[in-house]
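None of the values given here were measured: they were computed from a predicted structure.
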Amino acid sequence: MTSKEDNELLTRVEGDAPMGQMLRQHYWVPAVLSARLEAGGAPVRVKLFGNRYVAYRTHDGRVGFLNEACPHRGVSLALARNEDNALRCIFHGWKICVSGEVLEVPNEASNPECFRKTVNVKHYPAVEGAGLVWVWLGQGEAPAAPNFEWMTLGPDQAYACGLELDSNWLQGVEATIDSSHIALLHQSHLSHSKMDMAATTVSNAVRYKFDDTDYGYRAAALREAPDGQCVARVTEFVMPYYGLIPPINTGDDQDRTVIIAVPVDDTHLIQWYIYYNTKRPTDSMKRAQRANTWPMAGGIEPDADKAWGQNRLLMAHGNHTGFTEIVVEDFVTQVSMGPIVDRSDEYLCSADQAIIRLRRHLLKSVKQFMANEVPASARPEARDYSGITATGGRLKSVDDDWRNLPR
């Protein structure tokens, strides 16, 4: 059980909330689909941690990420003209480039060249990778951008999609690293497939084993099969909001999945999905269905009184949940918990060890931050993410060393 005080510390991200300050200062954030930023096109509004920004692409292809409010009178720069590799506010014509420099102040009569240099426009470092624009929202010098294996892959080998959900960011992270729900929530999708992970349906009971790492932890969900073998599903949790999901088929050339739960504000998040393959182009059919989609899967029905779009007729004909999309099953369950779950009311069981471990990692990190320390997972030795990947497969028995599974 998590106390009400710790729950507040874990979930609140707006304003001066310590968790939000820590995430902004020490970690890069995936902010917007690259495909939504057209060269010379309209700026895109982005909300993160309760703050408003605009992202845009210049005519020469660079990405700018600025506070949404024009520094003159606060008009939204989402309305701005994208011209000459800069944004020009439509109200009084102030022109701002990606570096935050104010280039022109046409309504200033007294020495405009000198005046423009006194204006401070907050701008943020941005890089692109796996179809997403990543930003750093902290103060001072930015840490190195994340070097995950998907960041440098071409568009045929990595792409992203996502949507905004009406729930707190922690609910999204917890859903990502919870392997015990796979055989239950997703049973209709798994039972009709030839996927190796369909074997998770043979046993609902999960035994967990863990390896703590500099960047988070590895969680091995182990299920005993009727033949005495063990189905192993090893998920990587990378601080503070990454879940690396093992492939559903065996073999080292399968598409990989990353899920990232990014705070929009206290009661909303963006759930990003990255699909990638380091060996070959990603599955073309799945790419056609979901690459660069916003919102992915068409979103969900927002009305709780309509059960978020659940189809009871489907359930009557054998579908376990009444939802046809496997990702929608995840979305609906976490939204149904409410904007912020009161974790002091939970009754956790042994299958929730990954959840408990996650909360402890986050609480330890935010308390280090509050003590003016750099969280352990944000230190230089923890920032090398190269080679981190999730895995799955069969063991001879539940007692075999799951660390020997190929990664």
Side-chain angles (χ1 to χ4, degrees), residues 13-15 17 20 23-24 27-59 61-102 119-138 160-169 172 241 260-273 292-300 302 331 339:
V13 296
E14 297 183 34
L23 297 180
R24 294 192 297 270
Y27 304 96
W28 284 74
V29 185
V32 64
L33 284 173
S34 290
R36 295 185 67 193
L37 306 184
E38 179 186 352
V44 174
R45 300 179 79 212
V46 179
K47 187 178 183 183
L48 297 168
F49 305 98
N51 300 317
R52 286 285 184 185
Y53 308 95
V54 291
Y56 72 102
R57 192 179 302 279
T58 62
H59 289 78
R62 290 173 296 154
V63 171
F65 205 91
L66 310 171
N67 284 351
E68 180 180 356
C70 176
H72 179 212
R73 297 273 299 281
V75 169
S76 172
L77 290 175
L79 299 169
R81 296 175 58 86
N82 190 346
E83 59 179 53
D84 300 326
N85 294 315
L87 292 185
R88 187 184 293 278
C89 181
I90 62 171
F91 197 16
H92 294 96
W94 286 30
K95 188 176 181 181
I96 307 163
C97 71
V98 293
S99 67
E101 181 184 3
V102 176
V119 181
N120 178 38
V121 179
K122 188 62 179 174
H123 64 287
Y124 304 90
V127 299
E128 294 185 83
L132 287 166
V133 173
W134 305 68
V135 298
W136 181 71
L137 301 172
C161 49
L163 82 165
E164 185 174 323
L165 293 171
D166 296 338
S167 77
N168 179 260
W169 78 286
Y241 32 53
I260 315 169
V262 173
V264 171
D265 53 31
D266 285 345
T267 57
H268 299 83
L269 81 152
I270 299 175
Q271 199 94 336
W272 291 115
Y273 281 67
N292 303 322
T293 53
W294 180 266
M296 69 176 295
I300 65 172
F331 300 156

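Contact between Leu33 and Asn292 at its shortest, heavy atoms only, is CD1-O, 3.5 Å. Nearest heavy atoms, Cys70 versus Trp94: SG-CB, 4.5 Å. Minimum heavy-atom separation, Ala31 to Ile270: O-CD1, 4.3 Å. Annotation for Lys47 and Asp265: closest pair NZ-OD2, 3.1 Å, computed over non-hydrogen atoms. The shortest non-hydrogen separation linking Ala78 to Arg45 is CB-CG, 3.5 Å. Shortest non-hydrogen contact noted between Asn85 and Tyr56 is O-OH, 4.5 Å.
Every residue was checked against the salt bridge (charged side-chain N to carboxylate O under 4.0 Å, His left out) condition with Asp166, not counting sequence neighbours, and none meets it. Partners of Glu101 by salt bridge (charged side-chain N to carboxylate O under 4.0 Å, His left out), not counting sequence neighbours, listed by chain and number: Arg116. Partners of Lys122 by salt bridge (charged side-chain N to carboxylate O under 4.0 Å, His left out), not counting sequence neighbours: none found.
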Q: Report the C-alpha distance between Arg57 and Ser34 in whole Å, list the side-chain angles of each, state the deciding distance to 0.1 Å, and finish with yes or no for side chain to side chain contact (heavy atoms under 4.5 Å, CB included).
A: CA-CA 9 Å; Arg57 192 179 302 279; Ser34 290; 3.9 Å; yes
Q: Test Lys95 against Asp84 for side chain to side chain contact (heavy atoms under 4.5 Å, CB included), laying out the working first.
A: CA-CA 10 Å; Lys95 188 176 181 181; Asp84 300 326; 3.3 Å; yes
(Q) Show, in sequence, the C-alpha distance, side-chain angles and deciding distance for Asn168 and Thr267, and conclude whether the side chain to side chain contact (heavy atoms under 4.5 Å, CB included) test is met. (A) CA-CA 4 Å; Asn168 179 260; Thr267 57; over 6 Å; no
Q: Could you walk me through whether Trp169 and Val264 pass the side chain to side chain contact (heavy atoms under 4.5 Å, CB included) test, one step at a time?
A: CA-CA 8 Å; Trp169 78 286; Val264 171; over 6 Å; no
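Note: Phe91 and His72 have tilted aromatic rings, judged against thresholds of 30 and 60 degrees for the angle between ring planes.
Between the side chain of Trp134 and the main chain of Gly129, a donor-acceptor pair closer than 3.5 Å is present. Put simply, the side chain of His123 gets close to the backbone of Ser99: a donor and an acceptor are under 3.5 Å apart.
Taking CG of Leu132 as the reference point, atom CD1 of Ile260 lies at 6.5 Å (rounded to 0.5 Å). Atoms CG and CZ, from Leu48 and Phe65 in turn, are 5.5 Å apart once rounded to the nearest 0.5 Å. Distance check: Leu269 CG to Glu164 CD gives 8.0 Å after rounding to the nearest 0.5 Å. One finds the CG atom of Leu77 at 11.0 Å from the CG atom of Asn82 (value rounded to the nearest 0.5 Å).
Looking only at side-chain heavy atoms (C-beta outward), Leu87 and Val54 come within less than 4.5 Å of each other. Side-chain contact between Trp294 and Val32 is absent, with no heavy atoms from C-beta onward closer than 4.5 Å. Counting heavy atoms from C-beta on, the side chains of Tyr124 and Leu66 never come closer than 4.5 Å.
Both cation-pi conditions hold for Arg24 and Phe49: the charged atom is under 6.0 angstrom from the six-membered ring centre and inside a 45 degree cone around its axis.
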